[in-house]
Amino acid sequence: MDAVTDGEPRKKLKRVARALVCGGANEVEGALAAFGMKPEGLDEDEEDDCYPDNWLPVLVFQAMATQWVVDKGWRVGMRYEALPIVMDVHKVPQEQRADVFWALARLEATALEILNKRK
């Protein structure tokens, strides 16, 4: 899974995180409004696709969607104690778990930037 840590795939992970959090390019404004946010700061030219090497981290990220830690209305991160169970459910091979973890951290960071923006 070297593609997760080298060059362009990082950008793809950010695009995927934005799409997951915002509902995709066609629904960005409505999804942002639901979160109380404005669409500025998102690049409308970005694609919502995902490299095959990043698909497993995206599945794990989606499964972790219920594991956000919230403090005073702000999301501060994910409950990583749930991550081993999620990785087991998605049958992440032991040799790929570190790469999936770091990709998840990138997805989480991008999602936090979006989810914690205020009007």
Side-chain angles (χ1 to χ4, degrees):
M1 288 189 47
D2 292 335
V4 171
T5 58
D6 296 331
E8 180 66 18
R10 288 182 185 160
K11 293 178 184 176
K12 288 287 187 179
L13 279 176
K14 288 183 177 184
R15 291 175 188 154
V16 170
R18 286 187 184 108
L20 291 171
V21 170
C22 297
N26 296 329
E27 301 173 301
V28 171
E29 262 186 43
L32 288 174
F35 286 115
M37 299 180 290
K38 296 179 181 176
E40 50 229 47
L42 292 178
D43 186 350
E44 293 178 5
D45 295 330
E46 291 184 346
E47 299 173 14
D48 296 336
D49 57 348
C50 178
Y51 284 117
D53 286 349
N54 290 336
W55 187 242
L56 191 53
V58 168
L59 291 176
V60 171
F61 179 73
Q62 285 181 304
M64 292 285 291
T66 61
Q67 299 304 313
W68 288 106
V69 176
V70 179
D71 184 29
K72 297 178 184 169
W74 294 86
R75 286 178 180 85
V76 294
M78 290 185 158
R79 295 181 58 239
Y80 280 95
E81 62 269 22
L83 187 56
I85 295 165
V86 171
M87 286 197 185
D88 287 346
V89 167
H90 285 286
K91 297 180 172 72
V92 177
Q94 193 63 40
E95 63 274 6
Q96 291 182 355
R97 288 186 178 216
D99 289 333
V100 170
F101 171 82
W102 290 113
L104 176 68
R106 286 197 174 282
L107 289 161
E108 175 190 33
T110 300
L112 285 170
E113 287 175 16
I114 295 166
L115 293 170
N116 285 330
K117 285 189 178 183
R118 301 285 185 184
K119 289 185 195 181

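Throughout, residue positions are numbered sequentially from 1 according to the sequence presented. Quantities reported herein were computed from a predicted structural model and do not represent experimental measurements.
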>> Strictly distance-based, threshold 3.5 Å: is any side-chain N or O of Asn116 a donor or acceptor partner for the main-chain N or O of Trp74?
In response: no
Close side-chain approach of [X] to [Y], heavy-atom, < 4.5 Å:
| X | Y | answer |
| --- | --- | --- |
| Val69 | Met78 | no |
| Leu112 | Trp68 | yes |
| Glu108 | Tyr80 | yes |
| Val100 | Arg97 | no |
| Val92 | Val60 | yes |

> Can you tell me how far CG of Leu104 sits from CD of Gln62, rounded to the nearest 0.5 angstrom?
Replying inline: 11.5 Å
> What distance separates Leu83 CG from Asp88 CG, expressed to the nearest 0.5 Å?
Replying inline: 9.5 Å
Looking at every non-hydrogen atom in both residues, tell me the closest pair between [X] and [Y] and how far apart they are.
| X | Y | answer |
| --- | --- | --- |
| His90 | Ala63 | NE2-CB, 3.6 Å |
| Leu107 | Pro57 | CD1-O, 3.7 Å |
| Ala111 | Phe61 | CB-CZ, 3.8 Å |
| Pro93 | Leu56 | CD-CD2, 4.3 Å |

> Do Met64 and Trp55 share a hydrophobic cluster (ILVMFWY, side-chain heavy atoms under 4.5 Å, transitive)?
Replying inline: yes
> Which residues pass the side chain to side chain donor-acceptor pair (under 3.5 Å) test with Gln94, sequence neighbours left out?
Replying inline: none
